[in-house]
Amino acid sequence: MSARKKPPEVKKRPGEGVSRRGFIRDVGLGTGALSVAVAPAALAAPSTLAGPGPVPITLTVNGKQHKLELEPRVTLLDALRNYLDYTGAKRVCDRGTCGACTVLVDGKAVYACSVLAIEVQGKNIQTVEGLPLSPQPDPLIRAFVNNDALQCGFCTPGFVMAAKAFLAENPNPTMEQIKRAFGGNLCRCGCYNGIRSAILEAARSAQGGGKNA
Amino acid sequence: MPDYSWPAPEKRRVFGRRVNRVDGLVKASGRAKYAYDIKRPGMLHAAVVVCPYAHARIRSIDTSAAEKMKGVAAVHIFDGSAPGTEVLWAGYEIAAVAAETEELARDAARAIRVEYEILPHFVNEADLSRVGARGKPAGERITGDPDQAFKSADVVSEGVYGCPVVCHLTWETHGQVIEWKGDQIEYWPTTQSVSSIGAELAKALGVPPANVHVMQEHMGIGYGSKFSPDRWGIACAKLARQTGRPVKLFLPRDVEQQIAGNRPSHYARIRLAAKKDGTIIGWESQSWSTGGMTGGGAPPIPYVYTNIPNVRINHTAVQVNAGPQRAWRAPNHPQASYLTCCAIDDLAHRLGMDPLEVFKKNADYTARPEVYRSQLDKAAELIGWKKLWHPRGDKTPGRIKRGLGIGVGTWGGAGHLSNCRCNIHPDGRVEVELGSQDIGTGTRTVIAMTAAETLGLPVGAIQVKIGDNRYPFSGTSGGSTTVGGVSSATRKATMNALEKLFERVAPKLGVKPEELEAVNGQIQVKGNPKKALAWKAACNLLGSDKISEMGQNDPKNPMGLNTGGVGGVQMADVSVDIETGIVRMNRLVVVQDCGLIINPKTAESQCYGAAHLSICAALYEERIMDDITGRMLNPDMEFYKVAGNPDIGEIIVHLDNRPEHDKRGVIGLGEPPVVPGIAAIANAVTNAIGVRVPFVPMTPDKVLAALEGRTA
């Protein structure tokens, strides 16, 4: 059976769990219930003002602590890409629309371009590099390859991480559910067909066959 | 000379198998390094300053404040942006700053003061009556006797149709990392042109071409916009030379959308003349388009139905103050398909005929009548045309109306000039080297499959080395020419290398080299798997010498390995909510002929992706220009809309690789399937709601306006 744990409850603030794009679409079409919740991490009220110059910031990425000197305005995405070397999360729209920068913060899918690095100190940041590649690739990565769910591959790490969060909340989705999900991630090459099959395959392999086969 | 021809279908061991792309794992796991991911020791980050006005003269540029800022290493004024320069579109590059961090570079860019004299602009071409002197008529072209045709016609139909400018919106934006090592340049661009882009940069910098080393493992979309180093590449190189440090310069998203290329618009008023039985006898069109200040070229219309006998064509190129066009996946074809197929669909309605019959009846006007007729039948079968098609306007009660529509397309796709080197090492390793690039199409994988097919090895045994201009020259990835070029070059290089290996093995097995074959990981006497040497044992005979052989695809003599010329038909099934105006895709059927298919898995992906782009263009995507300010209103991804997973419905792909197509050799598939979809969707919407929505994207406002008889 799956060893998957339910992600810790994160207290939601108003507006959380709805991407801007998703919101526009859902209002238009009324299919909101199944979109992946991609939300900024909860903000802790700062006790002191930080910056504007660099301040010490500690990030826990894939279980490893990194001590950095960053300006408070540096986004999590830029911290990962420019100041560390986690380049799996991509900068595409850079303003919370396309999902190419999706990472998990305490198990929840987050647009790394839309959260500051300083906000996510003490939280567990999981990037695509945290998923195993060898000796055996993560089943989700394997499923993306098997189903040719990528072409140029630039959006793919974001989709993989969104799919991680999606499957954590929906471990046994139907194809119909998958078709209406992932409105918070965009792909320019148009690999949605493969992505749908990949997510279904990954869910089934985790379920040992799956009920919705 | 060996017989390079492709193995017969029944003899193929690798071709035709659904092989996973060989770089899939490294990409899906985020380990792949794109140019945007390159990080060099001591690297500076650059930010650009661009002109905010659509038409202006640069009065002065004051960089002094920026130069004094902490962390700033250098400021550069772009070549061609000196004070006095007339700027013709917003987003034009003025200056760039290199600084220790990206944040500091952006601060410094904001501190650069540029004064402009603002000049009058013109940015919207959709209404031809308003373009005035910005419209340049291209002259009239007449074939046959159109006046007589329209006079003698039983039925004449007329309509206005249009597609706006759309952006390339390359997920990996444009840019590069550049590092000088003495007079040598290390260059990490994001490009469709690994073998050529270095020489172009060298020319701009006045250094010998051999001094530029181009490296690109992966790239995140080009769609025709990434062939040249561009002004930002030259600026980056100059900043790197000035500072003596590596510099990374990538355009932000809004600038990419404004200046790094776009697909020209195409609008047309079209009249068709026909006989009662549906035979088209005359065509008249007044088209207009823009690709920025160069205007826009005439669309190739009438499209596919090129041999309509009596034709009058007028075109007006319209200059607008907006970023220049670039090649965009099948340049001008999707627009021409849209214009032509909408006009034929409207004609069918006037005739009271099923459009499927009209498209088929006139197929003799196409270059390949039998191909189009069979594809129309196949697509009709897959979408259930007989059962689901109804005359224009879904009469079923309720607010949701369903409809079907047809689009057709064509493309070339013959292989480009490509050279390949195949190295067989004494330890059995095989390398194939080409100065090519995998732009997401699966080029690496088809190269590996071609070598594996030829050498009788598993795909995983082939090391594909591309993405470096030190490998043998290979053409740019444009025009769907790559797969034919690289597969043919790889076939020849690997066969040449294998022939050398046979010469070494033959004495060992006591036969002549020509009696040998390479299958199942061994070199054996033809048809006799027992009289054989395992691959590695065979290679061990090389001693300390590797085999290194070249192969070339010469486009003038492809030797039957590749060719060009394909047809495609797509049919769309949509539902339209006539109260909200929202169009939903149900299905899009893609029927595409292509030659020999090396990897059905990645070939189908090309079709899925292309169909998705048609959905984007038909329903969501457009550059919106503001008349008052001259600015693009949606240089972002919130309001520049593309289709997401919930928006695309179901895409059904049928690759027509019957033996008569297979024997034509390899044909490029990147562009053809992007052509017919917009027309198919537009005609399906018209079929559903009973009226034509003249301009795409068919957003709710345009659909409702069409339903109410207003002009959107």
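To find a chain, count down the sequence lines: A is the first, B the second, and so on, and within it residues start at 1. Small disclaimer: the values here were computed from a predicted structure and weren't measured.
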Would you list the pairs meeting side-chain hydrogen bond (donor to acceptor under 3.5 Å, both in side chains) in which at least one residue belongs to residues 147-157 of chain A, sequence neighbours left out?
Asn147(A)-Glu201(A), Asp148(A)-Arg21(B), Asp148(A)-Ser605(B), Gln151(A)-Gln606(B)
Closest non-hydrogen atom pair, Ala643(B) against Leu186(A):
O-CD2, 3.9 Å
For the interface with chain A, which of Asp636(B), Thr101(B), Leu169(B) has the highest count of heavy-atom pairs at distances below 4.5 Å?
Leu169(B)
What heavy-atom pair brings Cys152(A) and Gly220(B) nearest, and what distance separates the two atoms?
SG-CA, 3.7 Å
When the 4.5 angstrom heavy-atom criterion is applied to Phe250(B) and chain A, the contacting part is neither
Contact class of Glu621(B) relative to chain A, heavy atoms under 4.5 angstrom:
side chain
Which atoms of Leu104(B) are under 4.5 Å from chain A, going by heavy atoms: the side chain, the backbone, both sets, or neither?
both
Any chance you could measure Asn193(A), atom CG, to Ile652(B), atom CD1, to the nearest 0.5 Å?
9.5 Å
If you measure from OG1 on Thr97(A) to CZ on Arg253(B), what distance do you get to the nearest 0.5 Å?
10.5 Å
What pair of heavy atoms forms the shortest contact from Pro157(A) to Gly30(B), and how long is it?
CG-CA, 3.8 Å
Against chain A, label Lys601(B) side chain, backbone, both or neither, depending on which of its atoms sit under 4.5 Å from a heavy atom there.
both
What residues form a side chain to side chain contact (heavy atoms under 4.5 Å, CB included) with Ala149(A), not counting sequence neighbours?
Phe144(A), Ile195(A), Ala198(A)
Looking only at heavy atoms, what is the nearest atom pair of Gly644(B) and Tyr192(A), with distance?
CA-OH, 3.4 Å
Please classify the contact of Ile651(B) with chain A as side chain, backbone, both or neither, using a heavy-atom distance under 4.5 Å.
backbone
In terms of heavy-atom pairs under 4.5 Å with chain B, the winner among Asn82(A), Val128(A), Val92(A) is Val92(A)
Side chain / backbone / both / neither for Thr170(B) at chain A, heavy atoms under 4.5 Å
neither
Cut-off 4.5 Å, heavy atoms of chain A, and the answer for Leu613(B) is side chain
Any chance you could measure Glu638(B), atom CD, to Cys98(A), atom SG, to the nearest 0.5 Å?
10.0 Å
Pair count under 4.5 Å, heavy atoms only, with chain B: among Asp138(A), Thr127(A), Val145(A), highest is Val145(A)
What's the shortest heavy-atom distance between Arg142(A) and Leu25(B), and which atoms?
NH2-CD1, 3.8 Å
Might you point out which heavy atoms bring Cys616(B) and Arg188(A) nearest each other, and give the distance in Å?
SG-NH1, 4.4 Å
For residues 77-91 of chain A, the salt bridge (Lys or Arg N to Asp or Glu O under 4.0 Å) pairs (sequence neighbours left out) are Asp78(A)-Arg91(A), Arg81(A)-Asp37(B), Asp85(A)-Lys33(B), Lys90(A)-Asp37(B), Arg91(A)-Asp94(A), Arg91(A)-Glu102(B)
Value rounded to 0.5 Å, distance of CD1 in Ile221(B) from SG in Cys187(A)
7.0 Å
For Ser29(B), is it the side chain, the backbone, both or neither that has a heavy atom under 4.5 Å from a heavy atom of chain A?
both
Contact residues of residues 67-75 of chain A (partner chain B; heavy-atom separation under 4.5 angstrom)
Glu71(A), Arg73(A), Val74(A)
Geometric class of the Phe154(A)/Tyr34(B) ring pair [parallel <30°, tilted 30-60°, perpendicular >60°]:
perpendicular
Contacting region of Cys191(A) [heavy-atom separation from chain B under 4.5 Å]:
neither
Given that the side chain runs from C-beta out, which part of Phe159(A) has a heavy atom under 4.5 Å from chain B: side chain, backbone, both or neither?
neither
